[in-house]
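Here is the structure we will look at, set down as structure tokens.
Just so we're clear, the structure is a prediction, and the values are computed from it rather than from any experiment. Counting convention: from 1, in listed order, for ligands and their atoms alike.
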Amino acid sequence: MDITIVGGGIIGLTSAWYLRADGHQVTLVDACDRVGQGASHANGGQLSYRYVAPLAEPGVLAKIPGWMLRSDAPIRFKPAFDSRQWSWIGQFLRACNGRDQAASIASLLPLSLYSRRLMDDLRKTTGFDFAWRRNGKLVLHRNPASFAAARRLLASSPGADGEQFALDVRACLDVEPALERMAPHLAGGIHTPSEEVGDCLALCQALEQGLRRGPGAVTFRMAERVERIELASGRYHALQTDHGRIRGDACVIANGADATSLLHSVGVRVPIYPVKGYSISAPLVAHREAPEISITDFQRKVVYARIGDHLRVAGMADIVGHDRSIQRARIDTLKRETAACFGMAADLAQAREWSGLRPATPTGMPIIGASKRTGIWLNLGHGALGFTLAAGSARVLADRVGGRTAAIPDAPFSPSS
Ligand SMILES: Cc1cc2nc3c(=O)[nH]c(=O)nc-3n(C[C@H](O)[C@H](O)[C@H](O)COP(=O)(O)OP(=O)(O)OC[C@H]3O[C@@H](n4cnc5c(N)ncnc54)[C@H](O)[C@@H]3O)c2cc1C
């Protein structure tokens, strides 16, 4: 088939990878002049295969009143006259319960572990260099009650035995000596030695280079914005862009946080809303003070990872619409947290600052498969886990396009479910 992919982030590029491998003729179109300029640009870099709990968790509801009063709260909300925002928030709040959280984790875990396998193959067969390391991850809890809840979740997590461990503060320090400053404030942590880290942008660029080469090379149409999807007799016909028209047999919508409005015009509704986050990437200066392991500060919702010779610090979940501007106060909070936790490990004055929009669904479940319009396929809504879930999601999509059964249970990701 002749397939056009809208979106050159990690989801569009991995989709192109597996669709081409299946023998399709692929065109990829992106509004930016280079790949990986959206949420995939400077995310937390965590390949968090074992830790897939969605943002909607039972503890969130109790914390909201406190967060509303604090300017440095990890989650912020700016009300807008936008029914999509209110509808998303309503669905998100309803999903903040133990049953829905467990259901999301049960569906996401097979997808993430499948992604790990595929990413392993991809790395080994291509030799792509994207600062990948299997450095392990520690999710740290400052609050004894939240540590106890994390231990309970771990105990009920399928297959966690032997791959994830609950550690007291002493054991956390043994695993990561750079936690010395944080230790007095900690209750404990969940250690997953098998977790990985990498540079998502570097992987996007490597995928692009690979896709441009060889038989069946993918056509890239960069700096071209898709404005409309055209239907004929109710099924996919073409994409109307600001440069013309792209015809083909089918399209894959993988344009992240911008998908909702593009799809709305053809009557396809997806519960995706942007959840804005920030990152800083600061050159490492005192290597011994910087963590080797990826760290998640659970209460503050901040992640720390070494990516090459930089410390990447990412966090915040701001529900403020499509505003991509960098708010000084949010960056200052990340810098303050970094200095408090890791002292002078990185040169914060030289940090590159970034914000991005996570394409989030209320439950944290991505949407993968055929839309109700024949020929319009979706690979969307990966929220805070797009880098982690990209390979598996793209393979599932390609299998569905090819009429094959996916290697994992994929019904929970169906657009119609
Ligand atoms: C602060 C932060 C930290 C994160 N940390 C992690 C992490 O540690 N691990 C992890 O797994 N995930 C993480 N994520 C999530 C991850 O980055 C996203 O889920 C992922 O990048 C989404 O990829 P995407 O390809 O769907 O979207 P994007 O990367 O946003 O790509 C969408 C592309 O579509 C293009 N586009 C949009 N509209 C149009 C149009 N009309 N026409 C043409 N092109 C269009 C855009 O230009 C863009 O290139 C984080 C996200 C943020 C914001």
Side-chain angles (χ1 to χ4, degrees), residues 4-16 28-49 51-52 55 108 112 115 119 137 195-201 203-204 207-208 221-229 239-243 246 251-263 265 272 274-281 294 296 301-305 307 312-318 322 324 330 334 353-361 364 366-368 378-391 393-394:
T4 309
I5 296 174
V6 184
I10 192 65
I11 300 298
L13 287 158
T14 46
S15 301
L28 186 145
V29 55
D30 196 290
C32 293
D33 59 355
R34 283 159 296 145
V35 298
Q37 300 304 299
S40 307
H41 190 73
N43 62 26
Q46 317 242 326
L47 291 161
S48 183
Y49 298 118
Y51 201 85
V52 293
L55 185 61
L108 287 169
S112 71
S115 291
M119 196 71 117
K137 173 169 170 146
E195 296 289 54
E196 303 169 8
V197 70
D199 181 343
C200 188
L201 173 61
L203 179 59
C204 287
L207 284 165
E208 180 197 2
R221 295 178 62 146
M222 304 306 292
E224 183 163 353
R225 174 171 293 280
V226 175
E227 293 177 332
R228 210 156 40 80
I229 305 172
L239 296 172
Q240 184 63 50
T241 77
D242 53 2
H243 282 49
I246 309 175
C251 72
V252 175
I253 305 301
N255 65 332
D258 292 321
T260 314
S261 44
L262 190 58
L263 286 165
S265 61
I272 292 172
V275 173
K276 184 178 181 179
Y278 289 88
S279 76
I280 53 172
S281 304
S294 296
T296 297
K301 307 255 180 266
V302 176
V303 299
Y304 300 86
I307 299 183
R312 173 77 51 84
V313 185
M316 319 295 184
D318 292 357
H322 284 79
R324 287 178 161 85
R330 300 306 257 165
L334 282 185
E353 301 170 355
W354 176 78
S355 76
L357 303 180
R358 299 177 188 89
T361 59
I367 301 166
I368 309 166
L378 311 179
N379 196 0
L380 290 166
H382 296 77
L385 286 170
F387 187 25
T388 306
L389 302 177
S393 302

Check: Nearest to atom 31 (O) of ligand 1, what protein heavy atom do you find, and at what distance?
Finding: Gly9 CA, 3.5 Å
Note to self: Show the atoms of ligand 1 that are less than 4.0 angstrom away from any heavy atom in Gln46.
What the structure shows: 7 (C), 8 (O), 9 (N), 10 (C), 11 (O)
Next item on the list: Quick one: pull up CD1 in Ile5 and CG in Asn255 and give me the separation to the nearest 0.5 Å.
Entry: 12.0 Å
Next item on the list: Determine whether Ile229 and Leu239 make a side-chain contact, defined as any pair of heavy atoms from C-beta on separated by less than 4.5 Å.
Entry: yes
Item checked: Flag, side chain of Ser279 to backbone of Gly44, donor-acceptor distance under 3.5 Å -> no
Item checked: Value rounded to 0.5 Å, distance of CE in Met316 from CZ in Arg358 -> 10.0 Å
Next item on the list: Give the residue and atom name of whichever protein heavy atom lies nearest to atom 24 (P) of ligand 1, and the separation in Å to one decimal.
Entry: Ile11 CG1, 3.6 Å
Item checked: Criterion side chain to side chain contact (heavy atoms under 4.5 Å, CB included) on Val35 and Asp30, from CA distance to verdict -> CA-CA 7 Å; Val35 298; Asp30 196 290; over 6 Å; no
Notebook entry, point to check: Can you find an N/O atom of Val226 closer than 3.5 Å to an N/O atom of ligand 1?
Noted result: yes
Notebook entry, point to check: Considering only protein heavy atoms, which is closest to atom 30 (O) of ligand 1, and at what distance to one decimal place?
Noted result: Ala39 N, 2.9 Å
Notebook entry, point to check: So between Leu357, Asp30, Leu380, whose heavy atom ends up nearest atom 48 (C) of ligand 1?
Noted result: Asp30
Notebook entry, point to check: Who gets closest to atom 39 (C) of ligand 1 by heavy atom: Leu239, Asn255, Val313?
Noted result: Asn255
Checklist line | Nearest protein heavy atom with distance in Å, relative to atom 29 (O) of ligand 1 | finding: Ser40 OG, 2.5 Å
Checklist line | Heavy-atom neighbours of Arg34 CZ exceed 12 at 6.0 Å | finding: no
Margin query: Counting only nitrogen or oxygen atoms and a 3.5 angstrom limit, does Val6 reach ligand 1?
Written below: no
Check: Given side chains that start at C-beta, do those of Leu28 and Glu208 come closer than 4.5 Å, heavy atoms only?
Finding: no
Note to self: For the 3.5 Å polar cut-off, considering only N or O atoms, please tell me whether Arg358 and ligand 1 meet it.
What the structure shows: no
Notebook entry, point to check: Are any non-hydrogen side-chain atoms of Thr361 and Leu380 less than 4.5 angstrom apart?
Noted result: no
Checklist line | Any donor-acceptor pair under 3.5 Å from Arg312 side chain to Asn43 backbone | finding: yes
Checklist line | Numbering as shown, the atoms of ligand 1 that approach Gly277 to under 4.0 Å (heavy-atom distance) | finding: 1 (C)
Check: When only distance counts, is Trp354 in polar contact with ligand 1, meaning an N/O pair under 3.5 Å?
Finding: no
Check: Purely on distance, is any nitrogen or oxygen of Thr388 under 3.5 Å from one on ligand 1?
Finding: yes
Notebook entry, point to check: Looking only at protein heavy atoms, which one is nearest to atom 50 (C) of ligand 1, and how far off is it?
Noted result: Asn43 CB, 3.4 Å
Note to self: Could you measure the distance from the OG atom of Ser115 to the CZ atom of Phe387? Nearest 0.5 Å is fine.
What the structure shows: 11.0 Å
Note to self: Just to be sure I read this right, does ligand 1 sit under 4.0 Å from the backbone of Asp258, its side chain, both, or neither, counting only heavy atoms?
What the structure shows: side chain
Next item on the list: Any atoms of ligand 1 less than 4.0 Å from a non-hydrogen atom of Gly7? List them with their elements.
Entry: 33 (C), 34 (O)
Notebook entry, point to check: Would you say His322's side chain and Ala257's backbone share a donor-acceptor pair under 3.5 angstrom?
Noted result: yes
Margin query: One residue to check: Glu227. Relative to ligand 1, which of side chain, backbone, both or neither has a non-hydrogen atom less than 4.0 Å away?
Written below: neither
Next item on the list: Could you tell me whether some N/O pair between Gly36 and ligand 1 is separated by less than 3.5 angstrom?
Entry: no
Next item on the list: Spell out, as yes or no, whether a donor-acceptor pair under 3.5 Å connects the side chain of Thr14 to the backbone of Ile10.
Entry: yes
Checklist line | Candidate with minimal heavy-atom separation from atom 5 (N) of ligand 1, of Gly8, Ala314, Gly44 | finding: Gly44
Note to self: Tell me whether Cys32 reaches ligand 1 (any heavy atom closer than 4.0 angstrom to a ligand atom).
What the structure shows: yes
Item checked: Proximal ligand 1 atoms for Gly38, defined as those under 4.0 Å from one of its heavy atoms -> 29 (O), 30 (O)
Notebook entry, point to check: Just wondering, do Val29 and Ile246 contact through their side chains at under 4.5 Å, heavy atoms?
Noted result: yes
Notebook entry, point to check: To the nearest 0.1 Å, how far is atom 12 (N) of ligand 1 from its closest protein heavy atom, and which atom is that?
Noted result: Ala384 O, 3.0 Å
Margin query: So if I count the atoms of ligand 1 from 1 in the order they appear, which ones are less than 4.0 Å from some heavy atom of Glu224?
Written below: 43 (C)
Item checked: Nitrogen or oxygen of Phe387 less than 3.5 angstrom from that of ligand 1 -> yes
Check: What is the distance from atom OG of Ser393 to atom CG of Asn379, rounded to the nearest 0.5 Å?
Finding: 5.5 Å
Checklist line | Donor-acceptor contact below 3.5 Å, side chain Ser265 vs main chain Arg228 | finding: no
Checklist line | Pairwise distance CG(Leu203) to CE(Met119) - rounded to 0.5 angstrom | finding: 5.0 Å
Item checked: Identity and separation of the nearest protein heavy atom to atom 44 (N) of ligand 1 -> Ala31 N, 3.0 Å
Next item on the list: Run the contact test for Val303 against ligand 1 with a 4.0 Å cut-off on heavy atoms, strictly below, and give the result.
Entry: no
Margin query: Looking only at protein heavy atoms, which one is nearest to atom 15 (C) of ligand 1, and what is the separation?
Written below: Gly383 O, 3.0 Å
Check: Atoms of ligand 1 less than 4.0 Å from Gly356 heavy atoms?
Finding: 53 (C)
